[in-house]
Amino acid sequence: MDEHLVLESLGSHFGIDGKLAGFRQTNGGHVHDTYIATYEFSGCRRRYVHQRISPVFADVTGLMSNVVMISSHLEKKLAEPRRSTPSQGRRALRVIKTRWGRHHWEDPDQRAWRTFEFIPGAHSCTDVDTPSQAYEIGAAFGNYLALLDDLGTTVSSNTHAADLTARTGAASSACATTTALFETIPRFHDLDRYLANLENSVTEDACARVTSAGVATTLEEVLRMRWIAREVRKKISLGDLASRPVHNDCKSANVLCDDITGEWVCVIDLDTTMNGYALHDFGDIARTAATPAREDERDPELSRLDLTLFNAAARGYLEACAHLLSEPELDSLPLGAIAMAYEAAVRFLTDFLNGDTYFKVDYPDHNLVRCRAQLALANSMIKDADRMSAIVANLQAC
Ligand code: GN1
Ligand code: MG
């Protein structure tokens with residue numbers, strides 16, 4: 001069905017009474033399609049975010065039960081009067097239900113759509129140029145981890161349990177203490193899995209791209225760096241890293257910052273929040289907020305770690321959550337930075353070889369460009385690994 005016709009009908013499915021005045025697509029996010037729609041209600045205008053959910057999420061009911069559970073938990077926590085974190089102006093995402101009380105709606109082509117309240121006066125922090133911006137990104141995600149720390153102890157029989165019950169048909173009483181987050185994408189940060197996928201893609205070479213210009217050199221470099229996967233596996237197999245609710249996609253663009261003060265307002269894109277390791281969250285913060293280069297920078301000289309930005313981002317993160325992290329977790333954070341830049345490189349190269357079926361691209365070799373930028377960043381982080389460790393050690397001592 002034509003996308004515009006679907007967009008025009010969304011207001012009626014999501015119980016938005018006003019008249020649609022217009023919509024625009026945003027360019028944030030590599031997997032979902034996101035639109036900001038304006039509705040008119042007797043002379044007033046109100047905006048909503050409509051999102052078409054990517055098919056990479058196989059179970060939308062499970063996904064949305066997580067999103068609703070997390071956002072209502074965050075809303076409650078941010079409203080607590082005695083929070084040590086100033087929560088004025090801080091917000092949680094609000095999901096708009098369909099007219100039938102569900103959290104998503106399927107269009108005639110079985111594509112799932114959801115709707116959020118629009119958060120005015122804030123922007124997504126795609127570009128990070130200053131230490132104060134880097135600090136806010138770190139602080140937003142550090143607070144996210146801290147706010148979710150008691151998710152397991154405060155949520156009991158709730159929407160999540162009810163949704164899962166509806167889906168699985170399980171007796172609802174059995175879910176009274178269900179708190180585990182639904183696993184929206186299994187083995188999401190398993191580098192070995194991503195490397196195995198890459199090897200399959202090389203063997204299949206579905207789009208005859210393996211022999212295209214320069215690909216062999218990039219592929220060799222990626223494979224030479226697979227020791228990073230071994231290091232992460234080793235660290236995790238020691239068994240002393242806590243598995244806790246983490247965001248799992250802590251890129252700077254997933255933080256909304258106030259248009260005037262620049263302070264973080266809201267963490268968005270909760271879709272991959274699952275039990276996992278702090279090193280992956282911290283790693284993505286460093287990958288996106290500790291370099292002024294964009295994820296798809298063409299000049300490898302520019303895709304490098306900036307230690308001033310790193311220090312600021314790490315400070316923001318650790319001020320908010322270091323008290324919850326164990327010594328081994330804190331020690332693992334710099335490896336997380338290297339691992340996440342490398343993981344992104346592996347995934348972008350795989351998708352390039354597969355013909356760009358997972359990440360949206362703006363031009364034909366976009367995923368290859370992204371891969372090379374992330375490789376350059378990973379290499380720069382490897383060179384500065386000791387400095388990153390010293391910064392983390394120094395900040396945790398504060
Ligand atoms: C994807 O969709 P977006 O842009 O929030 C991806 C992340 C990657 C990121 C790279 C579900 O996130 O894992 O790190 O691109 N999300 C999924 O920018 O695969
Ligand atoms: Mg995401």
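Just so you know, ligand 1 is whichever comes first in the structure, and atom 1 is the first atom listed for that ligand.
One finds the NZ atom of Lys19 at 9.5 Å from the CZ atom of Arg45 (value rounded to the nearest 0.5 Å).
With respect to atom 12 (O) of ligand 1, the closest heavy atom belonging to the protein is Asp249 OD2, 3.3 Å. Among all non-hydrogen protein atoms, the one lying nearest atom 5 (O) of ligand 1 is Asp269 OD2, 2.8 Å. Scanning the protein heavy atoms around atom 6 (C) of ligand 1, the nearest turns out to be Phe359 CE2, 3.9 Å. Counting only heavy atoms of the protein, atom 19 (O) of ligand 1 lies nearest to Tyr358 OH, 2.5 Å. Nearest protein heavy-atom neighbour of atom 10 (C) of ligand 1: Glu295 OE2, 3.2 Å.
Side-chain N or O atoms of His50 include none that pairs as donor or acceptor with a backbone N or O of Tyr35 at under 3.5 Å.
Contact atoms of ligand 1 toward Phe57: 11 (C) (distance under 4.0 Å to a heavy atom of the residue).
Residue contacts with ligand 1 do not include Ala344, since none of its heavy atoms lies under 4.0 Å from the ligand.
Remark: Arg114 is not positioned above the aromatic ring of Trp105, lacking an NZ or CZ atom under 6.0 angstrom from the ring centre and at most 45 degrees off the axis. No cation-pi contact links Arg244 to Tyr277, judged by a cut-off of 6.0 Å to the six-membered ring centre and 45° from its axis. At least one cation-pi condition fails for Arg99 and Phe14: the charged atom is not both under 6.0 angstrom from the six-membered ring centre and inside a 45 degree cone around its axis.
Closest to the Mg ion (ligand 2) among the N, O or S atoms of Asp269 is OD2. Shortest distance from the Mg ion (ligand 2) to Asp249 is reached at OD2 (N/O/S atoms only).
Using a 4.5 Å heavy-atom cutoff, the side chains of Arg209 and Val215 are not in contact.
Partner of His189 under the side-chain contact (heavy atoms from CB on, under 4.5 Å) criterion, chosen from Asn248, Leu279, Asp249: Asn248.
Taking the six-membered ring where the residue is Trp, Tyr48 and Tyr39 present perpendicular rings, their angle passing 60° and hence far from 30°.
Looking at Thr272 next to ligand 1, no N or O pair under 3.5 Å apart turns up. For ligand 1, the polar-atom distance check against Asp284 finds no nitrogen or oxygen pair separated by under 3.5 Å. Geometrically, ligand 1 and His32 share no nitrogen or oxygen pair separated by less than 3.5 Å.
In this comparison of His30, Arg347, His280, the heavy atom closest to atom 8 (C) of ligand 1 sits on Arg347. The closest non-hydrogen atom to atom 4 (O) of ligand 1, taken over Arg287, Met340, Glu343, Lys251, comes from Lys251.
Separation of the Phe348 and His366 ring centroids does not fall under the 6.0 Å cut-off.
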